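Small disclaimer: the values here were computed from a predicted structure and weren't measured. Letters A, B, ... are given to chains in the order of the sequence lines, protein chains preceding strands, and every chain is numbered from 1.
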Amino acid sequence: DAGVIQSPRHEVTEMGQEVTLRCKPISGHDYLFWYRQTMMRGLELLIYFNNNVPIDDSGMPEDRFSAKMPNASFSTLKIQPSEPRDSAVYFCASTEGTGIYEQYFGPGTRLTVT
Amino acid sequence: AQSVAQPEDQVNVAEGNPLTVKCTYSVSGNPYLFWYVQYPNRGLQFLLKYITGDNLVKGSYGFEAEFNKSQTSFHLKKPSALVSDSALYFCAVRDITTTGFQKLVFGTGTRLLVSP
């Protein structure tokens, strides 16, 4: 299995631009998580899905952030408009229901907003 | 809310020596505890978990962790460190959201540096 795939791996954009991060979970996994990692705040859970349905989005920082999962093999995290404080590494992770705590993380997308 | 604390930002150890990465927890009820490792430019990888049973939990790559209820600790250990163990280690605890769903709450991470 290829593991969790994220794209792009690096993204540099200017403040005010729209940013879309993409994730392909491991086939057969029914949970998908989006995390953000920064030096200041550590690793934060933003949102997670179960069977393509958003379950808990209490970690989404602002209305500028939105996430979708149109099908079992694809999810997006969008930031519109982006701000410099959104600069971070964004991870996607997936797992199956019986092993919800054993999450498989993608390599991350390093976002820099200038 | 449940939480974990990793008191050390960095741990230095010589190759071949035993290593310990510390974690303490604060939970209501029975704790579900986990360790993950992050190698440079990679996502986190699951190492081991404690949910119930033996206080000594064995995981991947020769790591183990000891659950100590009286000290509310879950320290990660390895008898003999390798240079390749150098990475960022995260302790995590299960939390249950206000809507009744489960999620992991991660500590701030401890950087392990193993010198040759």
Shared hydrophobic cluster for A:Phe65 and A:Met69 (ILVMFWY, side-chain gaps under 4.5 Å): yes

Check against side chain to side chain contact (heavy atoms under 4.5 Å, CB included), B:Tyr36 and A:Gln103: CA-CA 9 Å; B:Tyr36 278 75; A:Gln103 298 175 19; 3.7 Å; yes

Most contacts with chain A, counted as non-hydrogen pairs under 4.5 angstrom, among B:Arg94, B:Arg42, B:Gln102, B:Lys103: B:Gln102

Pair B:Phe106 and A:Tyr35, ring centroids less than 6.0 Å apart: yes

Atom of A:Gln37, atom of B:Leu88 and distance for their closest heavy-atom approach: NE2-CD2, 4.3 Å

Side chains of B:Leu44 and A:Leu43 in contact at under 4.5 Å (non-hydrogen atoms): yes

Shared hydrophobic cluster for A:Phe91 and B:Val105 (ILVMFWY, side-chain gaps under 4.5 Å): no

Other residues, nucleotides, ligands: >12 heavy atoms within 6.0 Å of A:Asn71 CG: yes

Mutual orientation of the aromatic rings belonging to A:Tyr101 and B:Phe34 [parallel < 30°, tilted 30-60°, perpendicular > 60°]: tilted

Atom CD of A:Glu14 with >12 non-hydrogen neighbours under 6.0 angstrom: no

Transitive ILVMFWY side-chain link B:Phe74 to B:Val93, under 4.5 Å: yes

B:Leu104 CG to A:Glu102 CD distance, which is reported to the nearest 0.5 Å: 10.0 Å

Connected via hydrophobic side-chain network under 4.5 Å: A:Tyr104 and A:Leu77: no

Contact class of B:Gln38 relative to chain A, heavy atoms under 4.5 angstrom: side chain

Chain B contact via A:Arg41 - side chain, backbone, both or neither, heavy atoms under 4.5 Å: neither

Single-linkage hydrophobic cluster B:Tyr25~A:Leu45, side-chain heavy atoms < 4.5 angstrom: no

